[in-house]
Chemist: 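First the structure, which I've put down as structure tokens, then a few questions once you've had a look.
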Amino acid sequence: MEELNPQPEELVPGDSPEETADGALPQPLPEELEPVLEALLFTTTSPLSLKRLSELTGGLEEAEILGALNGLRTQYAHSQRGLMLSEVSGGYQLATKPDYADWILALLKHRRKNPLSPALIETLSIVAYKQPIVKAEIEAIRGVDTGAVLRTLMEAGLIEVVGTKEVPGRPSLYGTTEVFLKTFGLRNLEELPSLGQMKELFQRELRKPATSEEISDTGATK
Amino acid sequence: MEELNPQPEELVPGDSPEETADGALPQPLPEELEPVLEALLFTTTSPLSLKRLSELTGGLEEAEILGALNGLRTQYAHSQRGLMLSEVSGGYQLATKPDYADWILALLKHRRKNPLSPALIETLSIVAYKQPIVKAEIEAIRGVDTGAVLRTLMEAGLIEVVGTKEVPGRPSLYGTTEVFLKTFGLRNLEELPSLGQMKELFQRELRKPATSEEISDTGATK
Amino acid sequence: MSVLYTPKFTLPVFEGPLDLLLHLVKVQEMEITDIEISRITAQYLEALQTMEALQLEVAGDFLVMAATLLNIKLRMILPQEASTEEAIPEEEIDEILSTQDLIRKLVEYRRFKELSATLREFEIQNKGVVYRTQAVMSVPGAKSEIPRQDIRILYDAFSKVFRRIRTQPQHTVQKERFTTDDKLVELRSRIQLGHHLNMNRLFERCTDKEEVITYFLAILELAKLREITIAQAGSYEEIFIAPWNDSQLFSSVEESAPHAVIGIDSIQTNGESISPQIELNSNLADELLSPEITGGV
């Protein structure tokens, strides 16, 4: 979770001595570079590209950063380390070594049983059934801002950008991922319960008094 | 922002007695223990207690784990490391070393960069010291309305409602959170300056009248 | 003479009346336990005036404290018997502070200011200390940090969304968006290209119930015109739409399961009676035909 949300109106404007002006980020000293990179790669929730790492270190040369990353990789190769430098989708990030997956899985298993909140599940279901779909369409259906939820689903690897819609603004089209299929135990998207299978639900609904009203509402709009 | 793992209180280390490891989790070999612990403390989003670490390593002795944790601490003390072993909120977790704040904060755009305002920190200290406490009691001490400040602290995750007081109106009782302990680097609430230490502070102040003015300057200037 | 040193930007911001009082006590070099009420009251009132002069908003809490100070001062000046408690209505006693109460409050408040200062030091020391707040997804060997989920969770969520879409009042406003004729033309062209349409998929892509119904009416119309045939292998199976007498569709469906053949001649659409032969599983008919559509049966 976000540790501290910005609350600008409540905060005293920058009285931290070391803080430099925006944009003028200091460059780490050569001997600081590896630890700084390690701290950055530890903190990030998505892989950081060389370009981004250069920005985050006050514009150091990418070659210099690559050198330090290799240094880190060597450190991690040591058997006493449980972490490794993971290079995924064009960026770098720390990850645990695969050798220790048993214990990591034991830890993750004990996390909350359902880490997907209702908002996440609802958004995911809309993306799953309506993909490819743009944010505005999801928001039209949900009636609420969905930016943060989409980001979380992206970070969790459950959805991804699958293209852009050819309309003004070229908004991103979202779709579900392999991780999504695995998480829900589906071999492919065809295995999503279809509208045909919603029959049961509809019949359950028919037994409830509220339903006939819903249906006649619908009928009236036709 | 919607989170995958909200409510750190549900993840309080050692707080899941019903969830013992299903199946026998293998015990790491002695030489594996440090890397396994490093991987676990990297992955967890909430500090892990010794007890929990013992469960997660197939029931290793806590003494053995403590030994390995000291080994890790020594590794991290090396200047080429950007991480450290943090003992916080009743457990252990990896964290970035404080030395690299500039770069880390540049990465964490949404993180609060400025210190808490005097009103926030003043209220927080009252809650920390007097918890569980209701709003009216806080306001009696501060002498001003504290509703907005409490809301901000709640949003920042620094305090939470821990119950209701059984008096007319059933007002909410507030207490501090794991985020609070992490923000101030406290292992537990006992690490807050005790009343005894407070007296020392007062006496220091009596000898050196400038102190408390310096303090209010810190909050007030710039 | 002001105790507050203008210019404005060096003016300390007081968190409240107690904060201001503490400041005055210190500036006047008084002992907190030995406050001279009349002097501090004068200073306090002067400070409020300065704040007002600087067009700082003086909150009500500051004014309440001013009244309290004046009250204490008054009671100190007045002859002893006049300040006895009988003179004060019961309910007001709590509200009125004695000098001792005020001192107690100030001491307590100062204690928390001190604790705040300590916390501030801790805060600054820990400002660069960041904990991971999200497990990495790319943990090799642990593909997903999210435990396996039951697909029904997703299905239920979407059902709710679907129901909500259906009942959203906005659709009465937007009823012109879909017309049976448009859908008919669309379906006809797709069928004529030789496609088998999966009806479920067709409906799933609909943005709301109204569109589903429009499609459905168009399908019925095409069936009535004997341009299409509709088939389903059995309960819960996919429903296909194909050109009339499409042998391929029929054989494949018939191989897998016998399908029910039902006549729906009594269905009314557009005021006309239609009697197409539609290959439907009877459960499916129940499912698709809402009471409104089957109203005439």
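Order of the sequence lines fixes the chain letters, A, B, ..., with proteins taken first and strands second; residue numbering starts at 1 for each chain.
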Chemist: Identify whether the distance between the nearest side-chain nitrogen and carboxylate oxygen of B/R142 and C/E108 falls below 4.0 Å.
Modeler: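 No, B/R142 and C/E108 are not salt-bridged.
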Chemist: Determine the sole option in C/D61, C/D19, C/L18 for which the side-chain contact (heavy atoms from CB on, under 4.5 Å) test with B/V144 is passed.
Modeler: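 One option only clears the test, and that one is C/D61.
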Chemist: Would you please name every residue forming a ring-ring contact (aromatic ring centres under 6.0 Å, His included) with C/Y215, sequence neighbours left out?
Modeler: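 Counting only residues at least two positions away or on another chain, C/Y215 forms no ring-ring contact (aromatic ring centres under 6.0 Å, His included).
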Chemist: Looking only at side-chain N and O atoms, does B/T45 offer a donor or acceptor that is under 3.5 Å from a partner on C/Y131?
Modeler: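 C/Y131 vs B/T45: no donor-acceptor pair found between side chains.
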Chemist: Below 4.5 Å, heavy atoms only, C-beta onward: do C/V130 and B/L108 meet side chain to side chain?
Modeler: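 Heavy-atom side-chain distance check passes, below 4.5 Å.
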Chemist: What distance do C/S116 atom OG and B/L124 atom CG have between them, rounded to the nearest 0.5 Å?
Modeler: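 C/S116 OG to B/L124 CG: 8.0 Å, rounded to 0.5 Å.
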Chemist: Can you tell me which portion of B/L186 sits under 4.5 Å from chain C's heavy atoms? Options are side chain, backbone, both or neither.
Modeler: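 B/L186 touches chain C through side-chain heavy atoms alone.
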Chemist: Sort C/E29 into side chain, backbone, both or neither according to what part of it lies under 4.5 angstrom from a heavy atom of chain B.
Modeler: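 C/E29 has no heavy atom closer than 4.5 Å to chain B.
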Chemist: Is the number of heavy atoms from other residues, nucleotides or ligands within 6.0 Å of CZ (B/R151) greater than 12?
Modeler: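 Not buried by this count: 12 neighbours or fewer within 6.0 Å.
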Chemist: How long is the span from the CZ atom in C/F112 to the CD1 atom in B/I138, to the nearest 0.5 Å?
Modeler: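 Output value for this atom pair is 10.0 Å.
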Chemist: How close do C/R120 and B/S117 get, heavy atom to heavy atom, and via which atoms?
Modeler: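 Result for this residue pair: NH2-C, 3.8 Å.
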Chemist: Of the listed residues (B/P98, B/A140, B/S86), which shares the most heavy-atom pairs with chain C below a 4.5 Å separation?
Modeler: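 With the most close heavy-atom pairs to chain C, the winner is B/P98.
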Chemist: Is the terminal nitrogen or CZ of C/R132 (NZ for Lys, CZ for Arg) located under 6.0 angstrom from the six-membered ring centre of B/F42 and within 45° of that ring's axis?
Modeler: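 Yes - C/R132 lies over the ring of B/F42, closer than 6.0 Å to its centre and within 45° of its axis.
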Chemist: Rounded to the nearest 0.5 Å, what separates atom CD1 in B/I121 from atom OG1 in C/T118?
Modeler: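 One gets 9.5 Å once the value is rounded to the nearest 0.5 Å.
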Chemist: Does B/T96 use its side chain to pair, donor to acceptor, with the backbone of C/G128 at less than 3.5 Å?
Modeler: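 A pair under 3.5 Å: yes.
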Chemist: Is it the case that the side chain of B/S125 and the backbone of C/L115 share a donor-acceptor pair, with hydrogens and angles ignored and the cut-off at 3.5 Å?
Modeler: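 Side chain of B/S125 to backbone of C/L115, a donor-acceptor pair under 3.5 Å: no, none is there.
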Chemist: Judged by atom type as modelled, is there a donor-acceptor pair below 3.5 Å linking the side chain of C/E123 to the main-chain atoms of B/L116?
Modeler: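 Present.
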Chemist: Measure the NZ-CZ distance between C/K127 and B/F184 for me, rounded to the nearest 0.5 Å.
Modeler: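 The distance works out to 14.0 Å.
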